[in-house]
Amino acid sequence: MSTFATDLTIDELKAEADRLFNRKRLTNFGLPALVFVYLVYVFFAFDVSGMAQRANWENGKTLIADSYSYKTHVSRDNRTGEVSTAIEGERKGRYPDGEAPDWVSLGETTVIDLEDGHIVRFGPKIIEYEIPGFGIVRATPIRSAGVQAELPAGEVPDWINVSKNRMAITTDAGRLTVTRNRSEVFRYFNGWELFWFTLDSPYYGKPFPELAGLAARGEAGAILNDFWTNKMWRHQDVAWAIFETILMAFLGTLGAGMIALPLAFLATRNFNPLKSVRFLTRRVFDFVRGVDALIWTVVLARAFGPGPLTGALAILVTDTGTFGKIFSEALENVDEKQIEGVQSTGANAPQRYRYGVIPQVTPVLLSQLLYFLESNTRSATVIGAITGGGIGLLLTQAIITQKDWEEVAYYIVLIILMVMLMDWFSGWLRRRLIQGETGKIRKARDTKAKSFFLP
């Protein structure tokens, strides 16, 4: 039987219990209330409701549509009457003179059939757009007077924009823009046109069975070369950019690990008795990892110029501080008995580190190195956009053009696949190295135990 001895009276005990209960209740309800008040403050401080009202959802829909479709431009020079057709309006995707898609009929009056009754005519002087259910819109571009538009009677719909120098019509079938110097029709199609072969390639437009037959008859090299040197999608440049991005991550991560490991010994209590050296080393680690890799990228780019090597150095500097902290903490937790066992054999200091310390921290070192290699692959994409190297540079260039969003989607898909590949590779390597090393140690221990007990 146990007794509970206290100097407090019953009333004092009740008061103490009430006080503890009230404190717990205040904690349980007060913290969520503070979080709620902070979220309300963020809602008004960042004007979340205003952001929703200012959002242009039409532009968002257009951007998404551009990521899985392409535009064919049919352009007319109003000064000379010359008509040209090009994919995405690029010179590299231009149809040869006198040629056009089957929905464009070239002639003195060029007829563009946008289907579903939408027909655009580029006449010698007048541009016409026949719109089902609305009528025919005419525009006469005059260099001295701008664009004279003729519309059916009635109110002008919001999908027609008319001014003195410009007329723009946007429908579900396509878009027509007329200025005093140029008339242009945009028509969207799903897919990534010219992804495999450009218009000047003899293999453009051929179905896969026919290409397979040509490859079997000895044209495989030419087919691969036309795809690899595609001037529109630049597969050769993209592959090299992917390689540069992975190389930046690999060199930066591996270099940081090689520099951080010896420095980590200087930052540990059990390997460095000098407190001042330990303090200085740890502050160096704090400094280099306290500055973000993007900041180091800007600084190093001013010092060494743009390029993949600058990106690798930025990753190296940042990760040296991170690895130094992680490695030093791992070294402080090593088993001293294993080191003493190696020392008892007469091993010198380097041998004690090699056989008594490194095997203990190797799983931690490899695990962190492989994790940061995977993470730095993503970081190298952003760093490459600043230093001028890797897939990040191509992605930035495609975004700046504000037109080739299918290329942006292509690069984003490649970046995701690259990260997934590095994730799989690092996991496979981690299992091979760490688990394999653990298995070897366990096997050696079992063998030693058997030899001890067996005669």
Side-chain angles (χ1 to χ4, degrees), residues 66-75 82-106 186-248 250 307-308 377 381 384 388-401 403-422 424-425:
D66 283 346
S67 66
Y68 60 82
S69 62
Y70 67 95
K71 298 190 299 292
T72 300
H73 297 230
V74 183
S75 305
E82 179 184 357
V83 177
S84 62
T85 307
I87 305 300
E88 291 294 348
E90 293 191 21
R91 185 175 299 274
K92 293 177 292 186
R94 182 172 176 174
Y95 281 78
D97 293 339
E99 296 184 18
D102 54 7
W103 47 275
V104 178
S105 299
L106 300 176
F186 307 139
R187 186 178 179 186
Y188 281 87
F189 295 89
N190 290 330
W192 291 349
E193 181 68 351
L194 307 185
F195 181 81
W196 302 103
F197 306 104
T198 51
L199 293 169
D200 57 351
S201 171
Y203 307 108
Y204 171 75
K206 295 185 181 300
F208 179 78
E210 185 176 351
L211 289 175
L214 293 174
R217 290 194 292 270
E219 297 187 34
I223 294 174
L224 181 61
N225 181 70
D226 275 19
F227 168 78
W228 190 244
T229 59
N230 188 311
K231 297 186 293 295
M232 285 284 290
W233 289 87
R234 302 185 298 170
H235 300 299
Q236 185 177 10
D237 296 337
V238 171
W240 177 251
I242 290 287
F243 173 75
E244 281 188 342
T245 301
I246 297 176
L247 186 63
M248 278 193 289
F250 178 78
T377 303
T381 301
I391 192 66
L393 176 62
L394 297 182
L395 178 63
T396 305
Q397 291 175 342
I399 292 175
I400 290 175
T401 60
K403 62 176 183 178
D404 296 335
W405 289 102
E406 66 274 17
E407 290 189 18
V408 175
Y410 174 48
Y411 298 146
I412 291 175
V413 168
L414 289 178
I415 291 170
I416 294 174
L417 292 176
M418 177 182 65
V419 172
M420 293 173 62
L421 177 63
M422 293 302 297
W424 170 83
F425 174 74

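The shortest heavy-atom contact between Ala215 and Ile223 is N-CD1, 3.9 Å. Contact detail for Thr85 and Pro101: the closest heavy-atom pair is CG2-CD, 3.5 Å. Pairing each heavy atom of Leu194 with each of Asn230, the nearest pair is O-ND2, 2.8 Å. Residues Ala409 and Ser67 share a closest heavy-atom pair of CB-O, 3.6 Å. When all heavy atoms of Phe227 and His235 are compared, the pair lying nearest together is O-CD2, 3.0 Å. Contact detail for Leu394 and Ala241: the closest heavy-atom pair is CD1-CB, 3.7 Å.
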Before giving the answer on side chain to side chain contact (heavy atoms under 4.5 Å, CB included), spell out for Val104 and Tyr95 the whole-Å C-alpha distance, their side-chain angles and the decisive distance to 0.1 Å. CA-CA 12 Å; Val104 178; Tyr95 281 78; over 6 Å; no

Is there a side chain to side chain contact (heavy atoms under 4.5 Å, CB included) between Leu199 and Arg94 once you walk through the steps? CA-CA 8 Å; Leu199 293 169; Arg94 182 172 176 174; 5.8 Å; no

Check the pair Leu211 / Trp196 against side chain to side chain contact (heavy atoms under 4.5 Å, CB included), numbers first and verdict last. CA-CA 11 Å; Leu211 289 175; Trp196 302 103; over 6 Å; no

Full working for side chain to side chain contact (heavy atoms under 4.5 Å, CB included) between Tyr410 and Val413: CA-CA 5 Å; Tyr410 174 48; Val413 168; 5.5 Å; no

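Annotation for Phe425: atom CZ does not count as buried by contact number, only 12 or fewer foreign heavy atoms lying within 6.0 Å.
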Counting only pairs under 3.5 Å, give me each side-chain donor-acceptor contact of residues 200-207, with atom names and distances, residues two or more places apart or in other chains.
| unit_1 | atom_1 | unit_2 | atom_2 | d |
| --- | --- | --- | --- | --- |
| Asp200 | OD1 | Thr198 | OG1 | 2.5 |
| Asp200 | OD2 | Lys231 | NZ | 2.8 |
| Ser201 | OG | Tyr203 | N | 3.2 |
| Ser201 | OG | Asp226 | OD2 | 2.7 |
| Tyr203 | OH | Glu219 | OE1 | 2.8 |
| Tyr204 | OH | Glu193 | OE2 | 2.5 |
| Lys206 | NZ | Glu210 | OE2 | 3.4 |

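Qualifying side chain to side chain donor-acceptor pair (under 3.5 Å) partners for Trp228, counting only residues two or more places apart in sequence or in other chains: none. Listed by chain and number, the residues in a side chain to side chain donor-acceptor pair (under 3.5 Å) with Tyr188 are Asp66 (sequence neighbours excluded).
Of the inter-residue distances, the one linking Met232 atom CE with Arg234 atom CZ reads 10.5 Å to the nearest 0.5 angstrom. Atom CG in Leu247 sits 11.0 Å away from atom OG1 in Thr377 (nearest 0.5 Å). Rounding to the nearest 0.5 Å places OH of Tyr68 at 15.0 Å from CH2 of Trp405. Taken to the nearest 0.5 Å, the OH atom of Tyr70 stands 9.0 Å off from the CZ atom of Arg187. Taking CG of Asp97 as the reference point, atom CG of Leu106 lies at 10.0 Å (rounded to 0.5 Å). Taking CH2 of Trp192 as the reference point, atom CD of Glu407 lies at 10.0 Å (rounded to 0.5 Å).
At a cut-off of 3.5 Å, with distance as the only test, a side-chain donor of Trp240 or Glu244 sits close to an acceptor on the other residue.
Of the candidates Ile399, Leu393, Leu395, Ile400, Gln397 forms a side chain to side chain contact (heavy atoms under 4.5 Å, CB included) with just one, namely Leu393. For the pairing with Ile391, the side chain to side chain contact (heavy atoms under 4.5 Å, CB included) check across Thr245, Thr396, Asp237 returns one residue only, Thr245.
At least one donor-acceptor pair under 3.5 Å links the side chain of Glu88 to the backbone N or O of Lys71.
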